[in-house]
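For the single chain, residues carry numbers from 1 onward in sequence order. Both ligands and their constituent atoms are indexed starting at 1 by order of listing. For clarity, every value in this text was computed on a predicted model and none was experimentally measured.
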Amino acid sequence: MKFIEATIYVLLLALAVSFSLAPQVDKRVLIASDDHNAEYPTTKGLYKIKEIVERETGGALKVVVRHSAQLGSEKETIELTQMGIIDINRVSCSPMASFSPNMGVFSLPYIFRDSGHEWKVLDGAIGRELGRELERVGMVTLAYYDSGARSFYNKRRPINKPSDLEGLKIRVQKNPVMIDLVNGLGASATPMAFEEVYSAIQTGVIDGAENNPPSYVTTGHYEVAKYYSLDEHTRIPEIVLFSKKVWDRLPESEREIVARAARVSQDYQIELWKAKEEAGMKAVREAGNKVNVPDKQPFIDAVQPIYDKYAADLGGLIKRIQAVK
Ligand code: GTR
């Protein structure tokens, strides 16, 4: 039933979007999607792409940004991108693991030592390789964006050590690694679309979730889950994708413009991100939320079984990432 509902949803959305594009069937208008609001750094990155593409093509190619999950949850928008209905899509690399398993390596806890290590990997051979692999599933990688570190928040208690998570229902993104991570730490993982989390916490369906400070604040989750425990278990990058179906039909000159615009937007997004992270933490503290910074080592020890579980599939990549200095 769920599958049928999801299929009908995707078809209806496909129809709706195609009709809204009816006069531009030759794709002179590119639809760009993001699940955050217009002010969030990732969405602003898409607006930067729009600005450059429209300027450099002299308006021949237009970009319409649909933010705030107007086109559906991340999983749905990824499917619409494969179909060529969404042209440019900014999502987290986390749900991408269900489409291209190697992407799951970015969701492994503490895989990156810090932000510097993360960007060396993303900007280097591994980032390029994993990005290119997405072409097999119908998407061209244009850029990675910053998403900082994700930490737990909940409405019950501060998490100082892994055992404090026991018995808590924690929402996760739809990604097998995230489910294993949260269950492995003793909580009960509840996969759910981002847009449903606020009311699920409010009504007590779940106790909390996990995310970076800007997401914790812009979604309002910080109003309903007051304990924020900065264990920083993952650093999952954001990714900007282009539908391969559409890409293959784009003239080479326009592909170059789009690719260059995305590269410029990456630097811009990273700059915005730093300020947004600081502003996010400031807002959390000003709201009187309880923030704690647990010792990370017990968390690092507790997640080792996940590395054993994924060693067969991701072991080579894990070693290569760890070797990046
Ligand atoms: C955020 C990310 C969103 C979405 C969200 C989630 O950090 O920017 O696109 O993936 O996390 O938890 O679903």
Side-chain angles (χ1 to χ4, degrees), residues 32-46 65-81 86 88-99 103-104 106-107 109 112 115 118 122 139 141 143-154 169-179 181-182 187 189-201 206-222 224-225 228 230-241 265-266 269-270 272-274 276-277 279-281 284:
S33 169
D34 198 299
D35 62 356
H36 284 291
N37 66 29
E39 295 308 312
Y40 200 82
T42 53
T43 316
K44 286 196 165 175
L46 295 184
V65 178
R66 298 257 188 250
H67 54 79
S68 309
Q70 287 170 44
L71 299 181
S73 70
E74 284 197 299
K75 184 173 172 290
E76 289 152 357
T77 62
I78 295 166
E79 284 161 0
L80 291 170
T81 309
I86 288 175
I88 304 175
N89 196 7
R90 196 294 307 165
V91 291
S92 163
C93 284
S94 177
M96 292 309 294
S98 308
F99 294 81
M103 270 278 152
F106 293 151
S107 301
F112 298 120
S115 169
E118 176 185 355
L122 296 177
M139 287 163 280
T141 298
Y144 292 103
Y145 281 175
D146 208 340
S147 192
R150 299 175 74 101
S151 294
F152 289 110
Y153 48 83
N154 78 94
K169 274 200 178 154
I170 300 291
R171 174 270 174 175
V172 291
Q173 291 159 301
K174 294 184 176 170
N175 163 4
V177 182
M178 288 307 300
I179 297 173
L181 163 61
V182 166
T190 312
M192 185 183 282
F194 194 34
E195 303 72 51
E196 292 162 19
V197 179
Y198 184 92
S199 67
I201 299 177
I206 52 174
D207 299 298
E210 44 81 58
N211 222 315
N212 51 46
S215 287
Y216 180 44
V217 173
T218 55
T219 52
H221 296 176
Y222 78 127
V224 286
Y228 195 26
L230 302 175
D231 68 310
E232 302 192 324
H233 48 264
T234 49
R235 307 189 63 89
I236 310 180
E238 315 276 19
I239 190 165
V240 183
L241 304 163
S265 81
Q266 180 185 56
Q269 192 274 345
I270 294 172
L272 293 178
W273 181 258
K274 286 183 199 137
K276 191 80 173 176
E277 248 181 353
M281 280 315 297
V284 169

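- For Tyr216 and Tyr228, the ring centers are positioned less than 6.0 Å apart.
- With sequence neighbours excluded, the residues satisfying side-chain contact (heavy atoms from CB on, under 4.5 Å) with Pro214 are Tyr40, Asn212, Trp273, Lys276, Glu277.
- Between Ile201 and Asp207, the closest side-chain pair of non-hydrogen atoms is not below 4.5 Å.
- Asp35 is linked by a side chain to side chain donor-acceptor pair (under 3.5 Å) to Arg90, counting only residues two or more places apart in sequence or in another chain.
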For a quick test of your reading: what N or O donor-acceptor pairs under 3.5 Å do the side chains of residues 191-198 make, sequence neighbours left out?
{"residue": "Tyr198", "atom": "OH", "partner": "Glu223", "partner atom": "OE1", "Å": "3.0"}

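- You'll find the side chain of Ile170 stays beyond 4.5 Å of the side chain of Thr190, heavy atoms only.
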Output, or 'none' if empty, a list of ligand 1-protein atom pairs in which both atoms are N or O and the distance is under 3.5 Å, rounded to 0.1 Å.
{"residue": "ligand 1", "atom": "7 (O)", "partner": "Arg150", "partner atom": "NH1", "Å": "3.4"}
{"residue": "ligand 1", "atom": "7 (O)", "partner": "Asn211", "partner atom": "OD1", "Å": "2.8"}
{"residue": "ligand 1", "atom": "7 (O)", "partner": "Asn212", "partner atom": "ND2", "Å": "3.3"}
{"residue": "ligand 1", "atom": "7 (O)", "partner": "Ser215", "partner atom": "OG", "Å": "3.3"}
{"residue": "ligand 1", "atom": "8 (O)", "partner": "His36", "partner atom": "NE2", "Å": "2.7"}
{"residue": "ligand 1", "atom": "8 (O)", "partner": "Glu238", "partner atom": "OE1", "Å": "3.4"}
{"residue": "ligand 1", "atom": "8 (O)", "partner": "Glu238", "partner atom": "OE2", "Å": "2.6"}
{"residue": "ligand 1", "atom": "9 (O)", "partner": "Asp35", "partner atom": "OD1", "Å": "2.9"}
{"residue": "ligand 1", "atom": "9 (O)", "partner": "Asp35", "partner atom": "OD2", "Å": "3.2"}
{"residue": "ligand 1", "atom": "9 (O)", "partner": "Glu74", "partner atom": "OE2", "Å": "3.1"}
{"residue": "ligand 1", "atom": "9 (O)", "partner": "Arg90", "partner atom": "NH1", "Å": "3.0"}
{"residue": "ligand 1", "atom": "9 (O)", "partner": "Arg90", "partner atom": "NH2", "Å": "3.0"}
{"residue": "ligand 1", "atom": "10 (O)", "partner": "Glu74", "partner atom": "OE1", "Å": "2.7"}
{"residue": "ligand 1", "atom": "10 (O)", "partner": "Glu74", "partner atom": "OE2", "Å": "3.3"}
{"residue": "ligand 1", "atom": "10 (O)", "partner": "Gln173", "partner atom": "NE2", "Å": "2.9"}
{"residue": "ligand 1", "atom": "11 (O)", "partner": "Arg150", "partner atom": "NH1", "Å": "3.1"}
{"residue": "ligand 1", "atom": "11 (O)", "partner": "Asn211", "partner atom": "ND2", "Å": "3.1"}
{"residue": "ligand 1", "atom": "12 (O)", "partner": "Arg150", "partner atom": "NH2", "Å": "2.8"}
{"residue": "ligand 1", "atom": "12 (O)", "partner": "Arg171", "partner atom": "NH1", "Å": "2.7"}
{"residue": "ligand 1", "atom": "12 (O)", "partner": "Asn211", "partner atom": "ND2", "Å": "3.1"}
{"residue": "ligand 1", "atom": "13 (O)", "partner": "Arg171", "partner atom": "NH1", "Å": "3.3"}
{"residue": "ligand 1", "atom": "13 (O)", "partner": "Arg171", "partner atom": "NH2", "Å": "2.9"}

